[in-house]
Number of protein chains: 2
Amino acid sequence: MARAAGVSESTVSRTLRDPTLVAEATRQRILAAVAATGYVPSYAARALASGRADVIGVLVPSVTNHVFTDVLEGIYSGIEGTGFDIQHGNTRYQPELEEGLLRVFLSQRPAGMIIAGVDQTDTSRRLLADAQCPVVQIMDIGPEPVDMMVGFSHEAAAHAATRHLVDAGYRNVAFLGAQMDPRTLRRFAGYRAALSEAGMFDAGRVETTADPSSVTAGAALFARLADRCPEVDAVFCNNDDLALGVLFEALRRGFDVPDRLGLCGFNDFEFAAASEPGITSVRTNRREMGRRAVELLLGRLDGTDPAARVVDLGFEVVARRSTAGRAAMPA
Amino acid sequence: MARAAGVSESTVSRTLRDPTLVAEATRQRILAAVAATGYVPSYAARALASGRADVIGVLVPSVTNHVFTDVLEGIYSGIEGTGFDIQHGNTRYQPELEEGLLRVFLSQRPAGMIIAGVDQTDTSRRLLADAQCPVVQIMDIGPEPVDMMVGFSHEAAAHAATRHLVDAGYRNVAFLGAQMDPRTLRRFAGYRAALSEAGMFDAGRVETTADPSSVTAGAALFARLADRCPEVDAVFCNNDDLALGVLFEALRRGFDVPDRLGLCGFNDFEFAAASEPGITSVRTNRREMGRRAVELLLGRLDGTDPAARVVDLGFEVVARRSTAGRAAMPA
DNA sequence: GTGAAAGCGCTAACAG
DNA sequence: CTGTTAGCGCTTTCAC
């Protein structure tokens with residue numbers, strides 16, 4: 001390659017890394033030769049020689065759950081034009097897999113790591129803490145960031161959503177959950193706390209599955225719940241998928257939403273606003289979360305120390321017709 | 001590291017690559033030292049020294065569209081336990097971005113590449129053809145694979161779905177499309193051909209948007225269509241998202257599905273079976289597609305030549321209640 | 001503005 | 001089974 005352009009290796013290297021370091025004419029000649037030969041520099045050699053990888057590792061538990069794909073979107077858009085690449089791994093909700101992937105990723109000496117959740121194994125935490133790169137935990141917040149965090153409190157969000165159902169006049173509020181990962185469990189805790197405070201908690205009105213969240217699962221869980229607890233007049237779903245399934249199952253059973261049944265989902269997926277009736281949900285700023293995670297990482301790499309190590313992006317209960325039912329009615 | 005265990009570099013290397021090459025005692029000592037020091041080998045150095053990367057590059061146009069996340073699931077599950085890693089890029093439906101990412105990926109000398117679609121730019125095709133690794137194009141099939149292909153004919157699938165609507169007794173069948181990527185256009189061609197053959201094609205009954213597919217978009221497109229063409233009695237949607245939006249909009253307008261309006265989606269997303277009524281859709285084997293792509297790649301790397309360079313996974317029109325309307329009625 | 005030389009941290013023969 | 005010896009293809013001082 002260097003020979004093809006009649007210059008030394010170093011000049012080619014310079015041209016490719018920072019064209020301004022090279023004289024116009026030389027640059028032209030080199031770029032022409034690169035185009036002609038279809039030369040593509042070796043990433044491994046560059047990484048080894050420079051000691052930098054320009055890769056940001058991203059570890060999430062699922063690639064099919066919209067919750068994470070939205071965050072990924074945010075990360076991709078935040079990274080665009082920065083010269084960094086994303087290396088993306090799928091931990092499939094398995095801590096051991098996460099640990100393994102973490103090792104693989106760290107062996108690439110990434111410029112930074114973004115990892116979902118705050119519930120890593122001890123080993124994973126240590127690997128992250130020892131990593132010679134900034135780390136951002138996303139999706140959740142907690143008291144002990146490995147390094148930085150950007151997320152929101154799932155417990156507080158679920159508490160607010162449940163409270164909204166109570167305020168809307170519903171009295172027998174059930175909980176539907178899937179996957180049962182740590183964030184789901186924290187949402188359940190929020191639900192439970194809100195109902196306990198209102199003196200309305202009933203452990204029987206809970207239906208869950210370890211399967212992934214889906215519309216089908218929502219319908220099935222609600223069918224079981226409705227058969228078992230006919231007195232239930234509202235459902236808080238751990239995910240909008242489930243809520244949509246409940247909506248369809250309610251339709252099949254002739255339960256009016258929101259009159260006979262109040263319905264609240266979580267995550268405010270796009271369809272929640274478009275459905276009929278609209279489904280009340282909890283909006284979380286997932287794209288923003290991805291962008292901020294990248295921002296924190298890049299900031300640290302620039303030497304800027306972040307204002308805060310833990311960024312709480314908050315949430316918002318978006319009330320729609322699915323919970324409009326009992327508000328106007330006599331209690 | 002080698003020093004910490006009191007052995008030579010090569011022995012450490014061997015232990016980490018293939019523990020059986022090393023004596024039990026030595027291995028123990030080395031592994032202990034690795035654990036104690038938290039040593040993680042440099043990926044770049046290994047890749048450079050061995051000339052292999054053990055990375056499979058995957059390029060898809062979107063990480064939020066379920067169509068691609070399903071394929072990714074298949075790829076991840078196919079790769080599991082093989083020792084290969086996935087490097088995943090997001091081309092955002094932009095050919096120039098695809099080209100750029102392709103360069104980045106190839107500079108890592110991947111063991112293989114999986115890339116969505118058959119419509120790469122000339123430059124991208126050349127890069128792929130020149131790449132020193134097997135390449136699988138997925139999602140679609142066509143006459144000229146760069147190397148290998150696994151997918152199905154979008155035109156044939158849309159043709160069959162449209163034909164199903166006609167056979168069900170619908171006469172004024174509209175088309176709703178979003179994103180308008182090459183595969184969408186091919187589906188439109190299939191729709192058009194099927195209706196033309198039946199003498200029912202009307203260019204006015206088409207409503208599209210360049211925005212990504214979504215439930216909201218489906219509702220909006222149908223609202224526009226229904227206002228403009230009240231005679232429409234069935235809709236073929238380019239994606240199930242859109243179909244769900246149509247279902248909700250039909251509900252708002254008091255159009256019975258399937259009596260007043262036949263509805264057919266595409267992709268057979270999970271919710272199509274769970275909705276009320278169930279939405280007729282076209283099932284495509286996306287997870288299988290991902291798995292087969294990995295299989296083809298690994299096969300080639302093993303030296304096995306594939307039986308066929310182009311694998312057609314086919315499709316299946318899954319008839320549900322949303323298209324049960326006019327069948328029993330007099331035409 | 002450009003070239004020469006010295007590695008980056010591993011792997012891959014080849015001995016022993 | 002283990003150590004030794006060369007690089008892999010770049011980047012990076014340091015001269016010129």
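Quick caveat: nothing in here was measured; it's all calculated off a predicted structure. Note on naming: letters A, B, ... go to the chains in the order of the sequence lines (proteins, then strands), and numbering restarts at 1 for each one.
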- Message: Nearest whole Å is fine: how far is D/dG9 C1' from A/L16 CG?
- Response: 13 Å
- Task: Inspect the contact between B/E295 and B/R291 and indicate whether a charged nitrogen and a carboxylate oxygen are less than 4.0 angstrom apart.
- Result: no
- Message: Rounded to whole Å, please give me the gap between CZ in A/R46 and C1' in C/dG7.
- Response: 17 Å
- A/H154 vs A/F152, ring-ring contact (aromatic ring centres under 6.0 Å, His included): CA-CA, chis, key distance, verdict: CA-CA 6 Å; A/H154 290 255; A/F152 66 95; 4.2 Å; yes
- Over how many whole Å does the gap from A/D18 atom CG to D/dT12 atom C1' extend? 14 Å
- Item | Under-4.0 Å salt bridge between A/E73 and B/R92 | yes
- Item | B/T121 versus B/E99, side-chain donor and acceptor atoms under 3.5 Å | yes
- Under 4.0 angstrom, heavy atoms only, what part of the nucleic acid is A/Y43 near: base, sugar-phosphate, or nothing? nothing
- Task: Name the closest nucleotide to the B/S50 side chain, picking from C/dT2, C/dC8, C/dT11.
- Result: C/dT11
- Query: If only side-chain N and O atoms of B/T11 are considered, is one of them under 4.0 Å from the OP1 or OP2 phosphate oxygen of D/dG3?
  - Reply: yes
- Message: By nearest atom, which of the nucleotides C/dC10, D/dG3, D/dC10 is closest to the B/S10 side chain?
- Response: D/dG3
- Message: Under 4.0 Å, heavy atoms only, any strand: does B/V7 hit a base, just the sugar-phosphate, or nothing?
- Response: sugar-phosphate
- Message: Quick check: on DNA chain C, is the nucleotide nearest B/A44 upstream (toward 5') of the one nearest B/R14, or the reverse? Name the residue that is more 5'.
- Response: B/A44
- Task: For B/R17, report the nucleic acid contact type (base, sugar-phosphate, nothing); a contact means any heavy atom under 4.0 Å.
- Result: sugar-phosphate
- Short side-chain N/O contact to D/dC10 OP1/OP2 from A/Y39, under 4.0 Å: yes
- Query: What is the distance, rounded to the nearest whole Å, between atom CG of A/L48 and atom P of D/dT12?
  - Reply: 12 Å
- Describe the nucleic acid contact of A/R52 in one word from base, sugar-phosphate, nothing, applying a heavy-atom distance below 4.0 Å. sugar-phosphate
- Task: Kindly say if A/S42 contacts the phosphate of D/dC10, meaning a side-chain N or O under 4.0 Å from OP1 or OP2.
- Result: no
- Task: Rounded off to whole Å, could you give me the CD-to-P distance for the A/E9 and D/dT12 pair?
- Result: 14 Å
- Message: If you assign A/S13 and B/T20 each to the DNA chain D nucleotide with the nearest heavy atom, which residue ends up on the more 5' nucleotide?
- Response: B/T20
- Item | Candidates C/dG7, C/dT11, D/dT2 - which lies nearest the side chain of A/A49 | C/dG7
- Which one, C/dT11, C/dG1, D/dG3, comes nearest to the side chain of A/A23? C/dG1
- Query: Does B/S8 have a side-chain nitrogen or oxygen under 4.0 Å from the phosphate oxygens OP1 or OP2 of D/dG3?
  - Reply: yes
- Item | Length of the line joining B/D54:CG and C/dC10:P, which is rounded to integer Å | 16 Å
- Task: For the pair A/D130 and A/R126, find out whether any cationic side-chain nitrogen is under 4.0 Å from an anionic carboxylate oxygen.
- Result: yes
